[in-house]
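On a predicted model such as this, the values are computed, not experimentally measured, just so you know.
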Amino acid sequence: SLYQPKAPTILKSYKHKKNNWTLTYRYKPASPGHENDTPLLLIHPVGIGLSSWFWDNFLNEWDGGEVYAPDLIGCGLENGVADNWIPEKQGLFFPLSWAE
């Protein structure tokens with residue numbers, strides 16, 4: 001069989017209309033023959049310096065349906081596109097209060 005290179009990962013962004021936040025995410029189109037597969041959503045762990053780049057090795061090897069890997073709020077800041085998480089400005093609370 002002929003070798004077919006895997007689809008490249010694309011860095012995209014989406015501007016939320018209601019609160020004007022920018023979401024940055026990695027997108028990888030489906031590999032040939034997998035166009036009808038269910039899309040895969042990858043969520044990176046939370047920690048200092050982590051963002052969707054966490055999935056780069058996986059995405060480079062993935063040979064299946066399309067994949068979305070978003071940067072969580074306050075993570076990423078790739079190319080200065082994603083927004084900082086400023087609780088006082090955005091009306092969110094420190095994570096410990098989420099369980100209340």
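A donor-acceptor pair is defined here as one N or O able to donate and one able to accept, closer than 3.5 Å; no such pair exists between the side chain of H44 and the backbone of W53. Distance alone, capped at 3.5 Å, places no donor-acceptor pair between the K12 side chain and the Y25 backbone.
Residues Y68 and L42 have side chains not in contact (no heavy-atom distance under 4.5 Å, counting atoms from C-beta outward). Side-chain contact between D63 and H34 is present, with at least one heavy-atom pair separated by less than 4.5 Å. Using a 4.5 Å heavy-atom cutoff, the side chains of L41 and P70 are in contact. At least one side-chain heavy atom of V67 sits under 4.5 Å from a side-chain heavy atom of W62. Between L40 and K28 the shortest side-chain heavy-atom distance does not fall below 4.5 Å.
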message: Using side chain to side chain contact (heavy atoms under 4.5 Å, CB included), reason through Y27 and E66 one step at a time and then give a plain yes or no.
response: CA-CA 7 Å; Y27 170 74; E66 62 186 349; 2.7 Å; yes
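Side-chain contact check for D71 and S52: at least one donor-acceptor pair (N or O, by modelled atom type) lies under 3.5 Å.
If you take CD on E61 and CG on D56, they are separated by 11.5 Å, rounding to the nearest 0.5 Å.
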